[in-house]
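Shown next, in structure tokens, is the structure this report addresses.
Here, residue 1 is the first one in the sequence, and each next residue gets the next number.
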Amino acid sequence: EVQLVESGGGLVQAGGSLRLSCAASGFTFDDYAIGWFRQAPGREREGVSAIDNSDGITYYADSVKGRFTISSDNAKNTVYLQMNSLKPEDTAVYYCAAVVTTGFRATGWGRRTPIEYWGQGTQVTVSS
């Protein structure tokens, strides 16, 4: 059974930090790019960050560059998103997602990405 299990969301004040985790199982970790999308009420889902587990190439949305860092522990089949200097506009439900690496290389990390697996979502709330 394929699973993407997220943890680490919560409530934090502006300027604070959170770390999201996504534990993957049921597929070959190294064959996939894994990362996060987020969706705030009334807004479209946005690709935030992803990492290609076959070669370590990363992607960041312009809105999070310099503040968020994605990393992968292949031994634990887990991807982490360290979020620093959080802003109220980062408030959203964050969804872990996975796509085979060829899909990531062809389409990047956005609306066109042919995501195969989704996590259940975790709420991140940043208060001002």
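The SG atom of Cys22 sits 9.0 Å away from atom CD1 of Ile70, with the distance rounded to the nearest 0.5 Å. If you take CG on Asp30 and CG on Asn77, they are separated by 7.5 Å, rounding to the nearest 0.5 Å. The CG atom of Leu18 sits 8.5 Å away from the CD atom of Gln82 when rounded to the nearest 0.5 Å. Of the inter-residue distances, the one linking Arg19 atom CZ with Met83 atom CE reads 11.0 Å to the nearest 0.5 angstrom. Atoms OG1 and CD, on Thr91 and Gln123 in that order, are 7.0 Å from each other to the nearest 0.5 Å. Interatomic distance, CH2 of Trp36 versus OH of Tyr94, reported as 11.0 Å (0.5 Å rounding).
Contact detail for Ser128 and Ala14: the closest heavy-atom pair is CA-CB, 4.4 Å. Shown here for Thr78 and Ser21, the closest heavy-atom pair between the two residues is CG2-CB, 4.3 Å. Of all non-hydrogen atoms in Val79 and Ser72, the two that sit nearest each other are CG2-OG, 4.0 Å. Looking at every heavy atom in both residues, Ser17 comes nearest to Ser85 through OG-N, 4.4 Å. Taking each heavy atom of Thr113 and Gly108 in turn, the nearest pair found is OG1-O, 2.8 Å. Annotation for Leu86 and Arg67: closest pair CA-NH1, 3.9 Å, computed over non-hydrogen atoms.
Looking at Asp62 and Lys65, a side-chain N of the basic residue comes within less than 4.0 Å of a carboxylate O on the acidic one, giving a salt bridge.
Side chains of Ile34 and Cys96 form a contact here, defined as non-hydrogen atoms less than 4.5 Å apart. Looking at Glu116 and Phe27, their side chains never come closer than 4.5 Å, going by heavy atoms from C-beta outward. Inter-residue side-chain proximity for Arg38 and Val124 is flagged as unmet; no heavy-atom pair is nearer than 4.5 Å. The side-chain heavy atoms of Asn53 and Thr101, taken from C-beta on, include no pair separated by under 4.5 Å. The shortest side-chain heavy-atom distance between Leu81 and Ser49 falls under the 4.5 Å cut-off.
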Decide yes or no on side chain to side chain contact (heavy atoms under 4.5 Å, CB included) for Val93 and Phe37, but give the supporting numbers first. CA-CA 8 Å; Val93 178; Phe37 287 76; over 6 Å; no
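Remark: the Ser63 side chain and the Glu46 side chain contain an N/O donor-acceptor pair separated by less than 3.5 Å. Side-chain contact check for Ser71 and Asp73: no donor-acceptor pair (N or O, by modelled atom type) lies under 3.5 Å.
Aromatic ring orientation, Tyr32 versus Tyr117: tilted (interplanar angle from 30° to 60°). Taking the six-membered ring where tryptophan is involved, the planes of Phe104 and Trp109 are perpendicular, since the angle between them exceeds 60° and thus also 30°.
If you chain together hydrophobic residues whose side chains sit under 4.5 Å apart, Phe29 and Val2 fall into the same group. Tyr80 and Tyr59 fall into different hydrophobic clusters, where Ile, Leu, Val, Met, Phe, Trp and Tyr are joined by side-chain heavy atoms under 4.5 Å apart, directly or via other members.
Heavy atoms of other residues, nucleotides or ligands lying less than 6.0 angstrom from CZ of Arg111 number 12 at most.
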